[in-house]
Every structure is written in structure tokens, then in C-alpha cells.
Amino acid sequence: MTENTQQSNHSAPELPTQYTPADVEGPLYERWVERGYFTADAKSEKPPYAIVIPPPNVTGALHLGHAFQVTLMDALTRRKRMQGFETLWLPGMDHAGIATQNKVEQQLAEEGKSRYDLGREAFTERVWQWKDEYGGRILGQLRRLGAGLDWSRERFTMDEGLSRAVQTIFKNLYDDELIYRAERIINWCPRCLTAISDIEVDYQDDDGELVSLKYGEGDETVVVATTRVETMLGDTAVAVHPEDERYAHLIGKRIKLPLTNRTIPVVADAHVDPEFGTGAVKVTPAHDPNDFAIGQRHGLDTLTVMDERGVITASGPFQGLDRFEARSAIVAALREAGRVVAEKRPYVHSVGHCSRCKTTVEPRLSLQWWVKVDTLAKAAGDAVRDERVALHPKDMEKRYFDWVDNLNDWCISRQLWWGHRIPVWYGPGGEVVCVGPDEEPPSGEGWTQDEDVLDTWFSSGLWPFSTLGWPERTPDLAKFYPTDVLVTGHDIIFFWVVRMMMFGLYSMDEIPFKTVALTGLVRDEFGKKMSKSNPNAVDPLDWMDAYGSDAVRFTLARGANPGADVPIGEDWVQASRNFANKIWNATRFAMMNGATTEGPLPEPSELSATDRWILSRLNATVAEVNALYDDFQFAKLSDTLYHFAWDEVFDWYVELSKTTFFAGGPAAEVSRRVLGEVLDVTLRLLHPVVPFVTETLWTTLTGRESVVVADWPADSGFRDAAAEQEIVLVQQVVTEVRRFRSDQGLQPGQKVPARLDLSGTALAAHEAAVRSLLRLQPAGEDFSATASLPVAGATVALDLSGAIDVEAERKRLTKDLSAAEKEKAQALGKLGNEAFLAKAPEKVVDKIRGRLETAEADIVRISAQLAALPTA
RNA sequence: GGGCGCAUAGCUCAGCGGUAGAGCGCUGCUCUUACAAAGCAGAUGUCGGCGGUUCGAAUCCGUCUGUGCCCACCA
């Protein structure tokens with residue numbers, strides 16, 4: 001949009017007949033930012049409203065999932081800003097440890113190098129370079145969407161302040177003995193070469209093979225079944241159920257392990273299910289979490305037979321083989337030794353995969369850092385249980401509780417280079433010192449820092465307060481913590497929401513947010529999952545280019561039923577674009593006809609019924625939209641606005657007002673002011689969802705600075721039920737006669753002489769409008785009524801002089817008549833039912849009575865219409 | 001193996017105890033002095049199956065079928 005939109009509304013600005021978002025959006029966004037609309041003031045007296053954005057990965061490009069959540073957050077904050085809150089929506093990015101490291105390693109691989117060729121320092125330097133070069137992309141895309149983020153407060157999980165926060169909480173947790181180091185079986189990715197936490201493992205059903213193997217010699221043999229033959233090299237026991245008669249004689253004895261010269265004990269452990277397989281289990285404590293637990297209970301050795309890449313290290317013929325090669329090689333060797341008693345049989349079982357690279361996870365005994373979660377998780381659960389934090393939709397709370405009530409300790413160390421290095425130092429004599437952010441690391445010979453970095457979710461767990469300056473007591477922290485709403489996908493409740501709850505409650509002794517609004521996933525128009533890895537994925541930028549940001553936003557908002565997945569297709573974005581264009585043209589028309597927002601709104605006594613009707617509906621819509629916003633019902637509020645604006649304001653009010661405008665005079669002046677008011681309020685209501693088109697039109701209409709900082713509409717309380725009923729009557733008459741015209745094959749524009757008898761009805765005042773909408777001309781001298789339509793107590797007589805298809809009309813009316821008679825019979829049946837009258841609430845009975853009356857009136861009306869038809 | 005959810009118009013979804021709704025699509029007529037990215041009119045559903053509760057059920061209960069998601073130490 002150019003300079004001409006900035007002039008006052010009285011000069012009827014020239015706007016093109018089509019809305020072209022591309023001309024408007026970029027400059028408007030820049031203007032908003034320059035004027036500081038999105039910059040929060042911690043010293044403000046206004047009540048605070050804060051949202052922190054779920055930080056996208058630095059590696060990320062904007063996809064529809066982001067666009068969706070960002071649209072909702074933007075709508076929430078824009079409305080609150082208009083409502084007079086000191087609104088902060090804080091942007092930032094996540095360093096996304098493993099994801100980013102993988103990305104840069106890929107880039108290195110293309111140059112034929114690995115991270116080890118560079119060394120730790122040079123490698124992380126390279127990642128920072130990468131981040132500076134590509135990392136800002138997604139933030140630019142958020143601007144394109146119109147996201148009203150406070151760029152002066154942009155944060156990054158690896159920036160200095162946030163790193164300080166990480167070190168501080170690590171030290172605090174360590175001192176409180178909530179962080180510890182322990183050797184356990186962890187999930188290990190042999191490709192990423194790092195430990196990953198339980199929730200970073202994706203389980204999927206894989207085809208495997210179950211092999212039955214005979215262990216032992218002579219009378220003392222036992223058959224075990226396994227899908228992981230290669231781990232037999234590390235077996236240190238066979239376990240059976242303590243009460244299993246079949247194996248009672250073996251318990252406590254040692255049997256020979258095939259392919260080795262070792263013997264292993266048979267132990268009794270209740271973990272073994274005697275019903276499963278042979279009821280005997282091989283035990284490999286170093287390579288299976290269950291076996292590790294059994295080993296702990298029975299004091300078994302742990303024998304590691306594989307290295308970090310999944311290559312066999314046990315000396316012998318299999319040494320140096322990859323785990324899967326080893327599997328077939330060992331099966332072959334066992335078969336040769338006559339140890340395979342039942343051949344491999346296909347077996348589908350659940351196998352863990354690295355959520356980053358899909359490599360099969362290898363359980364591995366390893367020394368790692370852990371967060372002890374019991375008290376933290378308890379606090380996180382309690383905060384939701386006693387309703388300090390609300391989850392929307394509420395049924396998500398069950399999932400949340402199931403998780404926090406059954407949480408295992410969290411493995412936080414990662415064998416990566418990109419991330420927050422663990423602030424722990426080891427001395428030459430095995431001393432361990434945890435160093436806080438302001439402390440010097442121990443100096444002297446032999447002190448080394450822990451090589452590992454922290455799980456990326458460790459730092460994002462601090463996001464709601466680290467971004468506000470914690471551990472410093474900053475004005476931002478005082479003003480904006482706890483934040484108000486967290487908008488995020490239900491798929492990261494466990495990764496992120498729970499961690500923020502635990503850390504927020506621990507560090508701040510206060511919840512991190514009051515409400516969690518959980519969203520679903522964005523899907524394509526057939527309900528198929530759409531993600532960046534799927535071929536049906538759409539780049540939202542393409543749609544924004546083609547249809548405008550408002551169209552993409554409105555489509556997403558309109559699909560946002562609480563917690564549910566959002567389907568989106570190009571046709572729907574097009575429809576939203578059409579809506580934006582409709583708003584554009586309706587407002588443009590209104591301005592061309594002098595709609596104004598200047599001067600006081602006339603008193604109801606000065607207003608026509610049409611004006612009172614639309615103002616009544618307007619205020620009801622304000623109330624409804626407010627209630628829906630407070631309940632995060634974006635789909636419903638968008639739909640409500642769509643229908644109010646398009647159907648009621650644009651299709652009926654504007655059309656009904658045309659006669660008044662064109663007639664001129666004081667009535668026209670009043671109506672122009674009302675239309676200005678209605679558009680002013682409607683544009684303000686629409687602004688949080690479709691910011692660009694509303695800003696362009698509102699500033700032009702009102703001549704004021706910006707709708708971004710305009711007041712949010714308040715329900716004045718004005719309602720006029722009588723006017724609403726009156727307009728419903730007008731709509732009925734108009735629709736009825738239009739249908740008649742359409743049925744008769746009259747062209748929409750064809751003028752028809754008519755005599756209207758509206759006396760004694762509320763319609764009398766609307767004759768001019770009705771005539772105009774129905775293209776009815778005054779009846780002349782030679783008027784001859786060929787059709788007479790009694791509707792709503794009035795009569796509309798038309799002179800169609802032979803244009804009528806009498807038979808078609810008779811058919812239609814006969815059909816309507818039988819429908820009305822059926823309705824009457826149904827209502828009578830109900831009202832004659834004693835049980836119904838006795839038990840149904842009064843208002844339902846009244847409704848049925850009303851229905852009966854309507855049906856009877858319809859019968860009279862239609863009968864009259866039938867009688868009025870000329871005979872052929 | 002446990003838990004949660006969903007099955008409503010061709011498609012995507014609202015409705016969740018009182019005569020079946022929306023958007024898109026579809027049919028017909030129109031460039032009727034803001035908009036054809038539009039206007040007007042219209043058609044379309046035994047609300048997954050079977051039982052039950054109720055005066056009344058798409059809506060509550062049971063059950064079956066189909067489908068999706070989450071959790072779990074399925075050797």
C-alpha cells in the first residue's frame with residue numbers, strides 16, 4: 001500500500017478493486033517494528049501479558065506447524081495488547097544440539113571430513129559460523145507471517161546469558177544432590193555416538209528373527225530364545241522363574257556357554273515369564289536394561305562385547321564384525337555346533353531407533369550424568385493437580401499425570417561437541433568439582449573438564465525464565481514471570497513442557513506459565529500427516545506469496561479446534577484469500593459512500609431498525625468472540641467472525657443500507673456513521689487473526705495511526721431483540737420472493753412491477769429496501785397481479801405477465817405444503833403425548849408449540865399461494 | 001500388553017439429550033452501479049453396526065467393527 005492510504009477518510013480514497021497482499025505486508029510489518037509496537041516495557045504500569053515462543057531449531061525453516069502455532073500466539077498477544085496489557089511475546093532459537101551437529105557434520109562429510117579432523121574447538125567454531133549464516137532464516141519467515149515479536153529481546157539458548165543460566169541451575173541441582181553421575185544401561189546411538197534419553201528413542205515394529213539356542217551340556221542343558229544372538233558372547237547367566245519346576249534342578253548350577261570356554265550360572269529371577277518361549281532367558285547385563293537389572297540382583301559380571309559403534313570387541317572369530325554381521329555369523333557358527341534347536345522364525349517386535357537418525361539404538365553400559373527427577377516431577381504434577389497450571393484441552397492432563405507419576409531419571413549428558421559443556425572438572429586424584437558460572441575452574445596439573453555437553457532440552461527447560469534474565473533478578477523477570485500462556489504441540493509435552501515445569505518450579509519456586517494451550521499437528525487436506533520429511537509437505541512461504549499471510553493465518557486459525565490436528569489445503573487458503581478480498585471490497589465500498597468513524601454514535605432513538613439490528617448483532621458478536629478467545633477456541637471465533645462479517649454485515653447490512661445512502665439526507669448521515677462504526681469494530685475484531693488487511697483498511701477508514709494499538713472492542717451491552725426480529729422478517733420476505741423469482745426463471749437483474757401490501761407489519765418501514773433488493777418496480781396503470789405471495793403477514797403481488805411457469809410453481813408449493821402438514825402432524829403428536837408434556841421442560845414444549853403455529857401459518861400461506869396461481 | 005481418542009453431506013470438520021450444521025466442492029441463473037477471488041437461488045446425510053436408558057438419542061450406557069495416537073523392561 002502506498003501513501004494514499006494515509007489520508008483522511010472523507011476524501012474517498014482510491015483503492016484498487018482487488019486486495020493485493022504483496023504490496024502491503026512487508027512495509028506494514030516494518031512500520032510496526034519501527035514504531036516499537038511489539039517492544040515491551042518492563043517498567044509499564046499496565047498489567048503484564050507474556051508468551052515465550054517455543055524456540056525453533058536454528059537448523060529449521062518455517063513449516064506449517066510453526067506457522068500454525070505462531071498464528072495462535074500472535075492472535076493472543078495482539079488481542080491482549082489491544083486490551084491494554086503490557087504485552088511481551090519473546091522470540092528466540094534453540095541450539096538443538098544433536099540436530100545441528102548432525103547438520104554440520106553432513107556438510108563436513110561432503111568435503112570428505114569428519115568432526116575429528118577439525119577437533120572440538122574448530123568444529124564448534126564451524127557450527128557457530130553455520131548458525132550465523134543460516135540460522136536467522138526462520139526468524140525472517142516469522143516476520144513474513146506478521147508475528148508481533150519483541151525483537152529487542154531475541155534470545156538464543158547458547159548465548160551468554162542463557163549459558164550462565166544453564167551453569168547456575170546445574171550447580172544448584174548438583175549441590176542439592178539432584179544431579180549425579182552413574183554407570184547404567186543407557187540408549188546409545190552407534191551412529192551419533194552419543195547417549196540419548198528414553199524419549200529420544202522411537203519404537204517401531206521391526207521384522208526380527210527369534211532363534212532358540214541350546215546352552216549347557218548333557219543333562220544340564222537349557223534352551224533359550226533370543227532375537228539378539230550377537231549378545232550371547234556377553235552372556236553371564238541364564239535366568240529362569242524361581243517356581244518353574246522344569247528348571248528347578250538347574251538353579252545354582254553352572255552351564256557351558258556355547259562358542260566360548262566360559263560357564264555361566266543359572267539364576268532364579270521373578271522377572272522371567274515362564275509362559276514366554278521356553279521360560280529361560282539368556283542374561284547379558286552389559287547390553288540389555290532388563291538383564292542389567294537381573295545382574296544387579298544376582299551380582300553377575302557385566303561383560304561388554306561391543307564398542308560404541310556397535311562393533312564386536314570380544315576376542316575371537318567375531319571380533320571386528322558389525323553387530324548385524326555378527327548376528328548372522330554367530331547363528332551360522334551355532335548351527336554348525338548343533339546349538340540351534342529351532343530354526344530362525346520371523347518375529348515382529350518393537351525395536352528402538354534414534355529419533356534423530358533412525359539408527360537402531362544399542363543399549364549400552366555407560367557412565368553418564370543424570371537428573372534425579374522424583375521431587376521435581378512431583379512438584380510438576382502437583383502444580384497441575386491443584387490447578388495452578390491449566391492444560392487445554394483438559395483431557396491432556398491425564399497423559400501428563402501418567403508421565404510425571406512414572407518418570408525415570410533423566411540422562412542429561414551427551415557425547416557431542418555442540419551444546420553446553422558440563423561444568424564439572426576432574427582432578428588428578430579423581431576429585432570432582434562442579435563449577436558455577438562465576439567461579440574459576442580449578443587450576444593446576446591434571447584437572448580436566450568433562451568432555452560431554454548437556455541434552456538440548458536441559459537449556460530449553462529454562463526458557464521461560466532464562467530468557468527474562470535469570471539468574472539475575474531483572475525487571476523483565478519481575479514483570480513477566482510467570483508467563484501467561486504456553487502454546488505448543490502435544491507431541492512435546494514430555495520433552496519440553498514437563499522439563500519447564502520442573503525447572504521453573506525448582507529455580508523460581510513458581511510456575512513457568514498459567515496455561516498450556518496444546519495444539520495438534522498440521523495435516524494435508526486429506527488428513528494425512530504433513531511434516532518436513534513427508535513429500536506432501538507444503539512450504540508456507542509459497543502460499544503466503546500466492547495468497548498473502550492473512551490467508552494462511554486465517555485458514556490455520558479456522559482449523560484450530562482445541563488439541564485437534566489441523567488439516568489445511570490450498571483450496572482452503574484460497575477461500576481465506578477470498579474472505580480477505582471481501583473485507584477489502586466491502587470496506588472500500590463503504591468508504592466510497594462516506595462511511596465515517598467521526599463524531600459520536602447517534603442515540604438508539606435516532607436509529608433505524610436496520611441500524612439497531614446490526615449494532616445489536618455487533619455487540620453480541622463482540623461478547624461471543626471474547627468468550628471464545630478466553631477459551632482458546634480459535635476455530636469457532638474465526639468462524640463466528642467470518643459469518644458475522646460476510647453474511648450479516650456485508651451481505652445484509654450493506655445491501656439494506658444502500659437505499660438509505662443513495663436517498664441522502666439526515667437518515668443517510670446516520671447510517672454512514674453506523675456503517676463506519678460497524679466496520680471499525682469488525683476490523684478491530686478481525687485484526688489479531690488477519691493483521692495486514694485490517695491494518696490497511698482500518699487506518700484508511702479511521703485516519704488513525706494503527707489498529708495494532710487501537711482499543712479492543714468492548715461489548716456496550718446494547719441489544720435490541722425487537723429490531724433483530726424485524727430484520728429477520730425482512731430477510732424472510734426477501735429470501736422467499738427471491739426464491740420465487742429464481743424458480744420462475746427470472747433473471748436476477750430483471751425488473752418486475754409489483755404492488756406491496758406491507759401494512760400492519762413491521763416491514764412497512766423497509767419497503768424501499770425490499771423493493772431495491774428484489775428489483776421490484778412501482779405498479780403502473782396497467783398492473784395486473786399474476787402472482788401474489790403472502791409472506792410474514794404481508795403480501796407481495798407481482799405482475800409477471802406470462803413469465804410464470806405455473807406448473808413448476810404449483811409443484812414446488814405442493815411439496816412445501818406437504819412438508820408443512822407433516823410438521824404439523826409431528827408437533828400435534830408430541831403435544832398429544834402425556835408423557836412428553838409431563839417430563840419435557842417448559843421451554844421445549846413452548847418450542848414445539850411455536851413449531852405448530854409456524855406449520856399452521858405455513859399451511860395457510862402456501863394454500864393461499866396455490867389458490868393465487870393462475871389456472872393454466 | 002495397558003491407556004486415550006475418533007467414526008456426522010463428495011472432502012475436511014463443528015454439534016454432544018429436544019425438528020441434522022459450516023467451509024470447500026456440486027447444480028442453476030447472473031458481470032443486478034464494492035467485490036465473478038463475486039451475487040442470488042438450490043440439491044445432498046437410515047449422524048459406523050447392534051442392543052439398552054429416556055416422553056424423546058447423532059448426542060448418555062453397553063457391545064461389535066474400523067481407525068488414529070500415547071505409554072510399556074513383547075527375552
Side-chain angles (χ1 to χ4, degrees), chain A residues 15 17-19 185 203 205 210 224-228 239 271-273 276-284 288-294 347-350 363 395-396 398-399 402-403 406 490-491 493-494 520-521 523-527 529 547 551 555 558-559 561 563-569 571-572 574-593 635-636 639 642-643 650-651 654-655 658 662 734-735 738-743 745-751 772-773 775 823 826-827 830 833-841 843-845 847-848 851:
Chain A
L15 294 177
T17 62
Q18 278 195 353
Y19 172 55
I185 294 273
Y203 286 90
D205 282 344
L210 192 64
V224 299
T226 181
T227 53
R228 303 210 50 210
H271 166 77
V272 179
D273 175 7
F276 188 96
T278 60
V281 190
K282 63 188 271 307
V283 181
T284 323
D288 182 278
N290 292 320
D291 293 4
F292 183 74
I294 294 175
Y347 184 72
V348 176
H349 61 144
S350 182
D395 52 5
M396 286 291 179
K398 189 173 163 41
R399 196 185 282 189
D402 284 350
W403 172 261
N406 300 293
H490 62 66
D491 55 328
I493 294 178
F494 308 139
L521 272 44
R523 294 174 177 272
D524 71 13
E525 68 264 49
F526 305 110
K529 190 173 170 176
Y547 306 111
T555 309
R558 210 172 174 196
N561 286 117
D565 290 345
V566 187
I568 186 169
D571 286 354
W572 308 351
Q574 246 176 54
S576 298
R577 183 272 314 265
N578 295 354
F579 179 49
N581 194 50
K582 187 71 187 181
I583 300 170
W584 177 267
N585 272 300
T587 310
R588 177 172 148 259
F589 168 79
M591 288 188 285
M592 290 188 327
N593 284 282
K636 287 200 180 66
D639 205 54
Y642 179 92
H643 286 292
F650 305 154
D651 281 348
V654 168
E655 293 302 324
K658 276 181 178 174
F662 298 153
V734 170
T735 303
R738 274 177 178 163
R739 185 168 66 163
F740 179 80
R741 289 184 55 122
S742 178
D743 287 348
L746 295 181
Q747 299 205 328
Q750 187 180 335
K751 299 253 172 39
S772 159
L773 289 175
R775 319 277 153 197
E823 175 67 34
Q826 275 180 356
K830 281 224 165 184
N833 182 332
E834 297 292 326
F836 169 73
L837 290 175
K839 298 212 176 178
K843 96 178 175 196
V844 174
V845 178
K847 209 168 164 182
I848 304 288
R851 219 177 280 158

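Numbers restart at 1 for each chain; the letters A, B, ... are given by sequence-line order, proteins then strands. Computed from a prediction, not measured in an experiment: that's the story for all the values here. What you see below is based on every heavy atom in this structure, not just the backbone, and it leaves out hydrogens, waters and symmetry mates.
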Legend entry - Side-chain donor/acceptor of A/Arg741 to backbone N/O of A/Gln747, under 3.5 Å: yes
Inset, instruction - Using only side-chain N and O atoms of A/Asn578, determine if any of them is under 4.0 Å from OP1 or OP2 of B/rC35. - result: no
Legend entry - Given B/rA34, B/rC13, B/rC11, the nucleotide with the shortest approach to the side chain of A/Phe526: B/rC11
Inset, instruction - Let me know the distance between CZ of A/Arg399 and P of B/rA72, rounded to the nearest Å. - result: 12 Å
Legend entry - Presence of A/Lys398 side-chain N/O under 4.0 Å of B/rG5 phosphate oxygens OP1/OP2: no
Inset, instruction - Answer with yes or no whether A/Ser350 presents, from its side chain, a donor or acceptor under 3.5 Å of a partner atom in the base of B/rC74. - result: yes
Inset, instruction - Please check the phosphate of B/rA34 (OP1 and OP2 only) for any side-chain N or O of A/Lys658 closer than 4.0 Å. - result: yes
Inset, instruction - Check whether the side chain of A/Glu655 and the base of B/rA34 form a donor-acceptor pair under 3.5 Å. - result: yes
Inset, instruction - Would you mind telling me which residue lines up with the more 5' stretch of RNA chain B, A/Asp565 or A/Asp651, judged by nearest nucleotide? - result: A/Asp565
Legend entry - Side chain of A/Arg775 (C-beta onward), nearest among B/rA72, B/rU32, B/rA37: B/rU32
Inset, instruction - Write down the partner of B/rG1 under the Watson-Crick or G-U wobble criteria, each distance required to be under 3.5 Å. - result: B/rC71
Inset, instruction - Answer yes or no: does a side-chain N or O of A/Gln747 lie under 4.0 Å from OP1 or OP2 of B/rC29? - result: no
Inset, instruction - Would you tell me if any nitrogen or oxygen in the side chain of A/Tyr19 comes within less than 4.0 Å of OP1 or OP2 on B/rA34? - result: no
Inset, instruction - Could you please name the option among B/rC55, B/rA34, B/rG18 that lies closest to any side-chain atom of A/Lys839? - result: B/rC55
Inset, instruction - Go ahead and name the base partner of B/rC29; Watson-Crick or wobble counts if both distances stay under 3.5 Å, otherwise write none. - result: B/rG39
Legend entry - Nucleotide paired to B/rC6 in any strand shown, Watson-Crick or G-U, under 3.5 Å: B/rG66
Legend entry - Closest to side chain of A/Met592, choosing from B/rA34, B/rC55, B/rC71: B/rA34
Legend entry - For B/rC60, the Watson-Crick or wobble partner whose two distances fall under 3.5 Å: B/rG52
Legend entry - Spacing of A/Asp395 atom CG relative to B/rC4 atom P, expressed in whole Å: 11 Å
Legend entry - Among B/rA41, B/rC29, B/rC74, the nucleotide that comes nearest once only the side chain of A/Asp205 is considered: B/rC74
Inset, instruction - Decide yes or no, distance alone: a donor-acceptor N/O pair under 3.5 angstrom between the base of B/rA37 and the side-chain of A/Arg577. - result: yes
Legend entry - Between B/rU12 (C1') and A/Trp572 (CH2): distance, integer Å: 4 Å
Inset, instruction - Indicate yes or no for a side-chain donor-acceptor contact from A/Asp565 to the backbone of A/Gly520 under 3.5 Å, with no hydrogens or angles considered. - result: no
Inset, instruction - If B/rU44 has a Watson-Crick or G-U wobble mate with both distances under 3.5 Å, name it; if not, just say none. - result: none
Inset, instruction - Just compare B/rA75, B/rC69, B/rC24 and give me whichever is closest to any side-chain atom of A/Tyr642. - result: B/rC24
Legend entry - Check: B/rC35 base within 3.5 Å donor-acceptor of A/Lys582 side chain: yes
Legend entry - Watson-Crick/G-U partner (both atom distances under 3.5 Å) of B/rG23: B/rC11
Inset, instruction - Just compare B/rC70, B/rA14, B/rA34 and give me whichever is closest to any side-chain atom of A/Phe589. - result: B/rA34
